[in-house]
Amino acid sequence: MQVLVTNRFPKRMRLLRAGEFDRVFAARALAVDSSIALYGAVNELDHPRLGLVVSRRIGGAVARNRWKRLLRESFRLSQGELPALDLVCIPRAATPPQLAHLQESMRRLAARIERKIKDAARRSLKETP
RNA sequence: GAAGAGGGCCGGAUGGCCGCCGGUCCGCCGCAGGCGGAUCGGAGGAAAGUCCGGGCACCGUAGGGCAGGGUGGUGGAUAACGUCCACCGGUCGCAAGAUCAGGGAAAGUGCAACAGAAAGUAAACCGCCAGGGGAAGUCGUCAGUUUUCAGUCAUCAGUUUUCAGUCCGAGCAGUUCUUACUGACGACUGAGAACUGAAAACUGACGACUUCCCCCGGUAAGGGUGAAACGGUGCGGUAAGAGCGCACCAGCGGGCGAGGUGACUCGCUCGGCUUGGCAAACCCCACCUGGUGCAAGGCCAAACAGGGAGCAUGAGCCGGCCCGGCUCGUUACGACUCCCGGGUAGGCCGCUGGAGACGGCGGGCAACCGACGUCCUAGAGGAAUGGCCAUCAACCGACCCCCUCCCCGAAACUGGGAAGGGGGGUCGGCACAGAACCCGGCUUACAGGCCCUCUUCGGGG
RNA sequence: GCGGGUGUAGCUCAAUGGCAGAGCGCUUGGUUCCCAACCAAGAUACGAGGGUUCGAUUCCCUUCACCCGCU
């Protein structure tokens, strides 16, 4: 049965609980560019999941909601090209960027995290035979 | 038309595609659930700040007193308020209107820098005035002294007339004459004691006046100050003055009358004649106020590990204190309470139908209220309400093109601009800001736009 | 969501309603061959806006910023 690539974004694709966030931060896989910081961790599912951390440093409620909406939309539109990771996304700039730039950097950073995790797994496999 | 005053409203619209949250319905599956579909609904005037007030929930049924906190013209509206409405009063404004924590300062305590005599019921630095004392000066009177002048005059000196005497001389003698001397009366001149008068100076006394000083009083009219100075003006009055008296005015208090529910207003009258400011200083008075907050609270599930202390005039509820009340307990290795430590951060309810919205009607000046009709209008739970695009409307900015007059003005002249104005097009921008239990207010933020009412001034009819 | 606190000079802190101060720092001058130290002089501030008062850093209200606590 062919997996239909949709752009839906139901709630099971979100990270909501504190424990899920702690698990991603504990994996210590980080990639950063000028607009966002992205943490990643391997999950046991066949799709990626997204969590958001937007602090009050970013601005008022309107500005924070704007960031979160853009990040969710960017994840929703590019979820087919993302690896099956749990991602936690943290904005770094005060002013949100364009949606296309955000998609691009999210894809790039997710790919970088995937590579990092594979390297780490190989190294630990070698070191502890 | 200009300048202004007050108030109300809006806060983009429509459509397409892809998504998100919730309700309802349907379908499928391996049915405590999952997946999919249809349909309906899905941020604001401030959702904000959290400055007040309530509902609701728990604590105990929410009680009394003190403390603490708050409010402060009157009447009303309201569930309630520190909110709103109307009115009253003060201040500002030509006005429309704006603004005011707007009770009490003769209950008490306190504060007022600097300046100023004094910052408040008491005084007196300068000043003004009366009395007493002293000093100086001027004037007057009296007395004394001195000097000068005038007069009178005892006395003295000189000269001289007359008379008398003596001497010398002449003449015969007498008489007489002459010279000198002496004396007397007198005259003149000079000196002069004394007296009188006048003038001047000095001294003393007395009196008057002026100035200064001291003492004891009176007075608060005036005094550079200051934010603020113990009513204002006039007349009388007084030694000088003063509400000391009077008239008018301002202000305070009392009484009476009228109007108003009332704050208060108006009028008459009386009074002591004046008693200031700050209470967002302490305070007094009146009124209000129990605490905690949906992380309230209830139910279910999951997980863990226990230890210590307290007591019968006890512990807890209970909060800053007391009273009062309630619960547990009645001699207990228990229960209860407290402390330390450990575990769980899952689900359901509360959770949105409400002091609800809209519409006209009725009552009320209004805030608001009443009945009726219609409607249901977000309910998430790391937190949805979005992304991309198109069209339209309004405004702003930049650029391009076209036109030539345009602006102010009712209009003309004048003036100004033409680096302007008008039209069209393209592009870009379009605020403040995001529900977290729910309401009523307040405050603050805000691109732009619309509407209504009123005032003053100017012009025209 | 609820509760509490603080804003004073560049920094750390004071101050009855009437003068804004201290220490360190800064600037200038002196001293020294030069620097340090020292001496002298100077500049710099009451978070913002209203109100009460004759007068506000202080009292009251509003507002802004920051910090802390409950959970």
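With distances taken from any side-chain atom of R8(A) to the nucleotides G19(B), A435(B), G387(B), the minimum falls on G19(B). For R12(A), the side-chain atoms get nearest to C35(B) when compared with the rest of G386(B), G381(B), C35(B). Here the nucleotide nearest the side chain of F21(A), chosen from G382(B), A384(B), C20(B), is G382(B). Residue K11(A) has its side chain nearest to G381(B) when only A384(B), G386(B), G381(B) are considered. Distance from the side chain of R66(A) is smallest to G387(B) among G382(B), G387(B), C20(B). Closest approach to the E73(A) side chain among U385(B), C18(B), A43(B) is made by C18(B) (side chain taken as heavy atoms from C-beta onward). Checked against G19(B), A384(B), G387(B), the side chain of F9(A) finds its nearest nucleotide in G19(B).
Rounded to whole Å, the separation between the C1' atoms of C432(B) and A378(B) comes to 22 Å. Distance noted for atom P between C399(B) and A419(B): 15 Å (whole Å). Rounded to whole Å, the separation between the P atoms of A98(B) and A86(B) comes to 10 Å. A gap of 35 Å separates the C1' atoms of U50(B) and G387(B), to the nearest Å. Separating the P atom of G22(B) from that of A48(B) is a span of 23 Å, rounded to the nearest Å. Separating the P atom of G343(B) from that of A305(B) is a span of 10 Å, rounded to the nearest Å. On the P atoms, C317(B) is 15 Å away from G297(B), given to the nearest whole Å. Between G293(B) and G1(C), the distance separating the two P atoms is 14 Å to the nearest Å.
The CZ atom of R112(A) lies 8.5 Å from the CG atom of L30(A); values are rounded to the nearest 0.5 Å. For the atom pair CZ of F21(A) and CG of L16(A), the computed distance is 7.0 Å after rounding to the nearest 0.5 Å. To the nearest 0.5 angstrom, Q98(A) atom CD is 12.5 Å from S74(A) atom OG. Distance CG/L71(A) to CZ/R66(A): 10.5 Å, rounded to 0.5 Å.
One interatomic measurement links the two molecules: CE of M13(A) to C1' of C21(B), which rounds to 17 Å at whole-angstrom precision. Atoms CG (L16(A)) and C1' (A380(B)) sit 12 Å apart, rounded to a whole Å. The nearest whole Å value for the distance from the CG atom in L71(A) to the C1' atom in G387(B) is 13 Å. Counting to the nearest Å, the P atom of C388(B) and the NE2 atom of H101(A) are 13 Å from each other. Following rounding to the nearest Å, Q79(A) (CD) and C18(B) (C1') show an atom-to-atom distance of 12 Å. If you take CZ of F75(A) and C1' of C18(B), they are 16 Å apart, rounded to a whole angstrom. Here the C1' atom of nucleotide A384(B) and the CZ atom of R64(A) are 16 Å apart, to the nearest Å. Between N65(A) atom CG and A48(B) atom P there is a gap of 14 Å when expressed in whole angstrom units.
Base pairing of A22(C) is made with U12(C), judged by Watson-Crick or G-U wobble geometry with both donor-acceptor distances under 3.5 Å. Base pairing analysis places A258(B) opposite U265(B); the two distances defining the Watson-Crick or G-U wobble pair are each below 3.5 Å. With a cut-off of 3.5 Å on both pairing distances, G82(B) has no Watson-Crick or G-U wobble partner at all. Figure legend. A135(B) is base-paired to U211(B); pairs are counted as Watson-Crick or G-U wobble with both atom distances under 3.5 Å. The partner of A355(B), taking Watson-Crick or G-U wobble pairs whose two distances both stay under 3.5 Å, does not exist in any strand shown. Under the Watson-Crick or G-U wobble criterion, with both distances below 3.5 Å, U391(B) is paired with A13(B). Of the nucleotides present, none pairs with G343(B) by Watson-Crick or G-U wobble criteria with both distances under 3.5 Å. Pair assignment for C172(B) gives none, since no Watson-Crick or G-U wobble pairing has each distance under 3.5 Å.
The side chain of R76(A) places no N or O atom within less than 4.0 Å of a non-bridging phosphate oxygen (OP1 or OP2) of A384(B).
Between I36(A) and L102(A), some side-chain heavy-atom pair lies under the 4.5 Å cut-off.
One finds a salt bridge joining E73(A) and R76(A) here, because a Lys/Arg side-chain nitrogen approaches an Asp/Glu carboxylate oxygen to under 4.0 Å. D119(A) has no carboxylate O lying under 4.0 Å from a charged side-chain N of K116(A), or vice versa, which leaves the two without a salt bridge.
A glycosidic torsion no more than 90° from 0 defines the syn conformation; C202(B) lies beyond that range and is anti. By the rule that a glycosidic angle within 90° of 0 means syn, U374(B) does not qualify and counts as anti. With a glycosidic angle more than 90° from 0, U99(B) adopts the anti conformation. The glycosidic torsion of G45(B) lies within 90° of 0, which places this base in the syn conformation. Using a 90° window around 0 for the glycosidic torsion, A371(B) falls outside it and is classed as anti.
Projected onto RNA chain B by closest heavy-atom contact, Q98(A) and V62(A) fall at different nucleotides, the more 5' of which corresponds to Q98(A). Projected onto RNA chain B by closest heavy-atom contact, L15(A) and R72(A) fall at different nucleotides, the more 5' of which corresponds to L15(A).
With hydrogens and angles ignored, no donor-acceptor pair under 3.5 angstrom links the side chain of R69(A) to the base of G19(B).
Applying the ring pair (Phe, Tyr, Trp, His ring centres under 6.0 Å) test to F9(A) and every residue at least two apart in sequence or in another chain returns F75(A).
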